[in-house]
Structure formats: C-alpha cells, structure tokens
> 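Questions regarding the structure given below will be posed in turn.
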Amino acid sequence: PVRSIVLLGEPTLRRVSAAWDFARDGAALRSVFVDLRDTLRDFQQRNGFGRGISAVQIGALVRCVYVEIGGRSYELVNPEITRRSAEKTLVWDDCFSFPGLMVQVERHNSITVQYCDPSGEARTLEVVGDFPFSELLQHEIDHLDGVLAVDRGVEGTRSLCLRTVRLSLAPNNEAQ
C-alpha cells in the first residue's frame, strides 16, 4: 500500500536506520518493499518525477532501498558503499521528502555497493559509467544514515533552488 512520505523537518529523517535482521519474518521484508514500490509509483504519478525511495522516507527505520531506473527495479537490503571514485560531478538533486526544492550537490561518478537481496543473498553492484544510477544510490543510502541532500549542498554557491524555478532555467530540463 501507499504510505505517507516523511517530510523535511520531521526528526525521523535524521535517524540512522537499523540493519535488517534476516532472522526476522521474511513476509515483513516483502511488505516493506511492496510499500516502497507502491509509494514510489504513486509519487511518480502525482509529481512527475522519482526513481528511488528509502525505507526511512515511509517511516520504517530499516536499511532498505527500492529503485527503478533504466527499465529495471532493485531491492537493496543493508546497502553499503564500499568504493567511491575520486571523480565527482555537480548535480541538482531532488527528494521526495522536500519535493519543492532542489539542492546542488557533488556526487561520485562511480561507486561499488555491497548489499543483500530480499532472500538474504549477498550481492555486489558496480556502478561505473552510469552517473544517474550512481548519484541515485548515493542519495538513497545517505537517507539510511540520516543524511539529506540539503546537508550536502555545495558551499560557496547558491545551492538551494525552488524546483519550479530550476526546471524553468534548465535547458531541455537537464535538472532531471
């Protein structure tokens, strides 16, 4: 079912999510991912953007991320970034938890993520040459640690912008 999105200013967003314990009920984990998927798709339909969501954004303080990108969906349990490229790119970041704002942040061009799939099998995801996927995973995993894009705003610039203003100034809607 569709869940309410936790919004900027609510203390839950600042909490560190607990690792999922696979000894718990598997049906509970399936329920978290169904809620994440349904909430993501509802948000996309209502707002016209969105590619990923972390469990903390629906009030579940467990290390789970659901992503839809490039025609595929990913369910990541206990994801951890284990490698970050030295190269970074400046990007305008948006978030379900503050949908009217965009924040200019620097994200690593490529990363390696270790995680478990919902069955508990360990996996590694190498994200090289796909900056949109890399920056999305960094954003969602930050949420699990209580870190928001507004915390990563580039210093010395005007790093916050209303979403409507940013999109109207972007050539060919590059801010997406």
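Atoms considered below: every heavy atom in the structure, side chains included; atoms not considered: hydrogens, waters and symmetry mates.
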> With heavy-atom distances below 4.5 Å as the criterion, would you say the side chains of S17 and L61 are in contact?
yes
> Could you check whether the rings of F96 and F43 sit parallel, tilted or perpendicular, using 30° and 60° as the cut-offs?
parallel
> Kindly determine whether E126 and T112 satisfy side-chain hydrogen bond (donor to acceptor under 3.5 Å, both in side chains), including the steps that lead there.
CA-CA 5 Å; E126 298 275 346; T112 300; 2.9 Å; yes
> Do R14 and D151 come within less than 4.5 Å of each other through their side chains, counting heavy atoms only?
yes
> Taking the side chain from Q45 and the backbone from D42, do they hold a donor-acceptor pair closer than 3.5 Å?
no
> State whether the side chain of E80 and the backbone N or O of Q114 hold a donor-acceptor pair below 3.5 Å, judged by distance alone.
no
> Let's go through L40 and Q57 carefully: what are the C-alpha distance in whole Å and the side-chain angles of both, what is the deciding distance for side-chain contact (heavy atoms from CB on, under 4.5 Å) to 0.1 Å, and is it a yes or a no?
CA-CA 10 Å; L40 171 71; Q57 290 179 279; over 6 Å; no
> Determine, for D93 against R152, whether the closest basic-nitrogen to carboxylate-oxygen distance falls under 4.0 angstrom.
no
> Got a donor-acceptor contact below 3.5 angstrom from the D35 side chain to the V32 backbone?
no
> Heavy-atom count around R72 CZ within 6.0 Å, excluding the residue itself: above 12?
no
> So do the side chains of V2 and R41 get within less than 4.5 Å of each other, counting heavy atoms only?
no
> Using modelled atom types only, decide if a donor and an acceptor are shared between the side chain of R3 and the backbone of I58 within a distance under 3.5 Å.
yes
> Would you mind reporting whether H139 and C95 have side-chain heavy atoms less than 4.5 Å apart?
yes
> Under 4.5 Å between any side-chain heavy atoms of Y74 and I69, yes or no?
yes
> Supply the atom-to-atom distance H143 NE2 to L148 CG, rounded to the nearest 0.5 angstrom.
6.0 Å
> Do R30 and P118 come close enough that some side-chain heavy atom pair is under 4.5 Å?
yes
> With a 4.0 Å cut-off, would you call E135 and R51 a salt bridge?
yes
> Roughly how far, to the nearest 0.5 Å, is the OG atom of S54 from the CG atom of L13?
8.0 Å
> Hey, does the side chain of S85 reach the backbone of N109 with a donor-acceptor pair shorter than 3.5 angstrom?
yes
> If only atom types and distance count, is the side chain of N78 paired as donor or acceptor with the main-chain N or O of W20 below 3.5 Å?
yes
> To the nearest 0.5 Å, how far apart are CZ in F33 and CG in D38?
13.0 Å
> State whether D145 and R63 are salt-bridged, where the test is any N-O pair (Lys NZ or Arg NE/NH1/NH2 against Asp/Glu carboxylate O) under 4.0 Å.
yes
> Between CD of E121 and OH of Y115, what distance do you get to the nearest 0.5 Å?
9.5 Å
> Using atom types as modelled, flag every donor-acceptor pair under 3.5 Å from a side chain in residues 4-12 to any protein atom, sequence neighbours excluded.
from	atom 1	to	atom 2	distance (Å)
E10	OE2	L7	N	3.1

> Pick out which of D142, V127, I81, D130 makes a side chain to side chain contact (heavy atoms under 4.5 Å, CB included) with L137.
V127
> Is the CZ atom of R15 crowded by more than 12 outside heavy atoms at less than 6.0 Å?
no
